[in-house]
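Here is the naming used below: chain letters follow the sequence lines, and residue numbers restart at 1 for every chain.
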Amino acid sequence: MGQEREEYIVEMRHITKRFPGIVANDDVTIQARQGEIYALLGENGAGKSTLMSMLYGMYEPDHGEIYIRGQKVNFRSASDAADANIGMVHQHFKLVENFTVAENITLGIEPMKKGLGIFPYVDLSEASRKIAEMSKSYGLEVDPKAVISDLGVSIRQRVEIMKMLYRQAEILIFDEPTAILTPQEVEYLLKSLEELRKGGKTVILITHKIEEIKKVADRCAILRRGKLIDVLDVRTTSTQEMANLMVGRTVALQTDKSEAKFGDPVLVVKDLSVRNEDKVQVVKDVSFTIRAGEVFAVAGVSGNGQVELADAIAGLVKTEKGSVTLLGKDITNDAIRDRVEEGITYIPEDRQKFGVFLDFNLRSNLALRRYYKEPFSHKGILNFDESQQYAERLIGEYDIRSGQGAKTSLRSMSGGNQQKAIVAREIEQHSPLIIFVQPTRGLDMGAIENIHKQILQERDRGAAILLISLELDEVMGLADTIGVIYNGQLLKIADAGTLSSQEIGRYMMGVTDNE
Amino acid sequence: MNKESSRRGGPRAALARFLTNERWTQITVPIFCIILTLIVSAVVLLVLGKKPGTAFYSFLAGNGFLQKANYGSGSGMISDFFSFLNIMAPMLLAALAFIFGYRCGLFNIGISGQMLLSGYVATVFIGYSELPGAVARPLVLIVGIIVGGLAGAFIGFLKYRFNIHEVVSTIMVNYIISYVTAFRINLKYIDMISRSSKTISSAARLTFTKVQIAGCNCNIPLGIIIAILAAILVHFVFEKTVFGFELRAVGSNRNAALYTGVNVGKQMISAMMISGMLAGLAGVTYYLGYTNTIIPRELVSMGYDSIATALLGNNSPIGAIFSSVLITIFQNGASYMSSAVGVAKEIASVITGILLLFSACGGYFRRLAANYLRKLADEEEEAKKAAAAMAAEKGGEDK
């Protein structure tokens, strides 16, 4: 048994990690050999980063064991992991902006010398030489004397890699390293990963981009919803197969969908562009129309601008250009509350960050769309009897489970019931437009089915529905029209019946018709 | 199993449940902190060789809650009690000022400065005027509210418009107010003997001095009525109004408030403005009530003590009434306690310090208790799981 283990440099066995409300990793076992590029493929929230955080000592697993070179380890912090020659490049770099490259690389293990035999000082001249040498041998060009704030993202990433190498890391974890790079920089990075493999390093690559895996990885573990789906030999597996496994086909949707009866256009989005906080354009010239009685579903891999699109329509972020028209009225620059009044309700992706007040009770949370209006308040004074009755009705009708009825604090409720409360609150507005973003994330089968039924009910009532989902099944099962978003652009808009899941999958990877 | 359940019912678990009880945690945690403080300060007093009982008695007697051994002419329990109310009024108002900002997620540590500015403006414009009391006193209150409100709104505006953190701007503004008012006072209003500003006319003073009640000279503060009314009003605004609901929403989760459609920027400026108004009231009840003069270049420590008072009162306006009573008892009773027990007056500051230290740990105690209860529950579950796993492993190992 010991023999078998030594074959792998990294082995994580039966790892389970729970966070309140979700199982991030459920009995996951992965094994990486020395000198291979081992990819972890999965959508956002599949549990890749959590798994690697445990290998890097940032979390401890609830169950399961980690072996490094056949030795069982018990990391309590990242420095424990670093002692075991494990290094990680995070999505967000951890560099000191106004330090030089060499200072950043040696930070914490500065080479000390003593002036006149007494006065200690940091001597970087030798470290700089060493860094220059290493950067040559791995093809990672960096200038040890450059200051970080003057450097672009791809060079900063090289600095992060050099930092690991300088610390003699043998096992290098990369968390979505290409997310921020241009195609040329991606090429360069992938080449250096190959260089690292040649140098005998073990590379673990977290990504949701299949082409990259196809290019450099030897083996690939696929995670979905916290579970290990399969471990594949990359050379003998097709891109399509990997895509299918990643997105998942196990949950077959059985929704009884009636014939769609489209009415007049409710939402018209024209040439909409949005920049995020980092001034990166995340939504680019998006145009589409949703009619009454239509479910318009946006399919796409997470992080391609779909959340920003929804936020822009709901008014949570400013639009850069383009227009949003609701029922013939231009609402592009309207305040959020005006949009709600004019007929937009929004079930947001991150329900605890945006959708509810965890410190408030269920009654207050259910009344969020109405508290300021008659009869929920009168001349600025809240009427608790009204909101109490309203809450009790919704709790009954939508089967919201809570310990102490309307007085329960949201924090003590399960994620599923929090979501039920949000959906109940928003649907009760009977708005002409309802935006659902990932409405079933983290819910169990029963709750998912319920929400799907409610979405279709609202559509049959005549509401226009914008559904944004990472679950292709959900999109296929509910949509009347499907738009596929990639890199902030709607690459394809088509009637749901005319697209196969394979085609959608291709568009989701950014493959367009003319290729 | 029996052992488990007996442990669950043990005194530690009972205490933990007492502290985490959803309904009463607002009250039980501060009470727990106060009891801890009394125990620790009793130990301190014992170490100094003094009787803790006598010391605690003297604190209460010094504030007119209990009978002193003897009184000077023209003073008695009732005059002590009024002087206690006189200093408690600005403390409560300052605590309310902090609470108002804090519940909206803003940390107003500029209360001292706002107090000083409104006290200064009211002193100069009303205190030195010849207006009769019926006009002067309401004007003092109005000036206090307006000046404090403007000072607060300025901080809120800086935060909203330029994203300047309120802690930074309030500290800076404190210095500006302190030096500018000192400069003006030294230039124009200084009393050469006391080295502080000239005293205000008694018609403008919010405390009625030397009122004869039952043979005692009492200083009756108007401020205490204002402070208690303000506490009730703040409570009402937070709990019963749309405005207060939105303020709490911004304080509880800014993103969700935005999503709900609350005008977050406007609410932050409003919260800071009202916080400043309350600080302004605290300022006029302090400088034109408790005292009748301003010492230049001195920011009252009450502005900072009020943060602790608010904290001890769990940031609830009604809780603040009780916590300001308690803190004032220790601070105001210090000198009598010192002479009665024969221990340095500073011991009162030590006790206040201990109280603040423990009340700052209130959240920690609650979490500790919650974790303890969770651990008990987990242990029970683990034990069950382990038993199940052991049974399963026995089956699996043979393979």
If I compare all heavy atoms of [X] with all of [Y], which pair ends up nearest, and what's the gap?
X: L368(A); Y: T260(B); value: O-CG2, 3.3 Å
X: A256(B); Y: V356(A); value: CB-O, 3.7 Å
X: V262(B); Y: R337(A); value: N-NH2, 4.0 Å
X: E239(B); Y: F384(A); value: O-CZ, 3.0 Å

Within a 6.0 Å radius of atom [atom1] on [X], are there more than 12 heavy atoms belonging to other residues, nucleotides or ligands?
X: Y59(A); atom1: OH; answer: no
X: K373(A); atom1: NZ; answer: yes
X: F376(A); atom1: CZ; answer: yes

Quick check: does any side chain N or O of N253(B) sit under 3.5 Å from a backbone N or O of F354(A), one acting as donor and the other as acceptor?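 Answer holds: no.
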
Most heavy-atom pairs under 4.5 angstrom with chain B, which of L382(A), L316(A), I336(A)?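 Greatest number of close heavy-atom pairs with chain B: L382(A).
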
Looking at K379(A), Q352(A), R425(A), which makes the most heavy-atom pairs under 4.5 Å with chain B?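 Heavy-atom pairs under 4.5 Å are most numerous for R425(A).
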
Are F236(B) and I381(A) side-chain neighbours, meaning at least one heavy-atom pair lies under 4.5 Å?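 F236(B) reaches I381(A) side chain to side chain.
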
Contact part of F360(A) toward chain B, heavy-atom cut-off under 4.5 Å: side chain, backbone, both or neither?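 Only the side chain of F360(A) comes within 4.5 Å of chain B.
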
F245(B) and F357(A) aromatic ring geometry - parallel, tilted or perpendicular at 30°/60° bounds: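 The arrangement is perpendicular - the two ring planes meet at more than 60°.
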
Interface moiety of R254(B) toward chain A, non-hydrogen atoms closer than 4.5 Å: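 Looking at R254(B), nothing touches chain A.
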
Taking the six-membered ring of Y259(B), is the NZ or CZ of R339(A) close enough (under 6.0 Å from the centre) and on axis enough (within 45°)?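 Checked: cation-pi criterion not met.
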
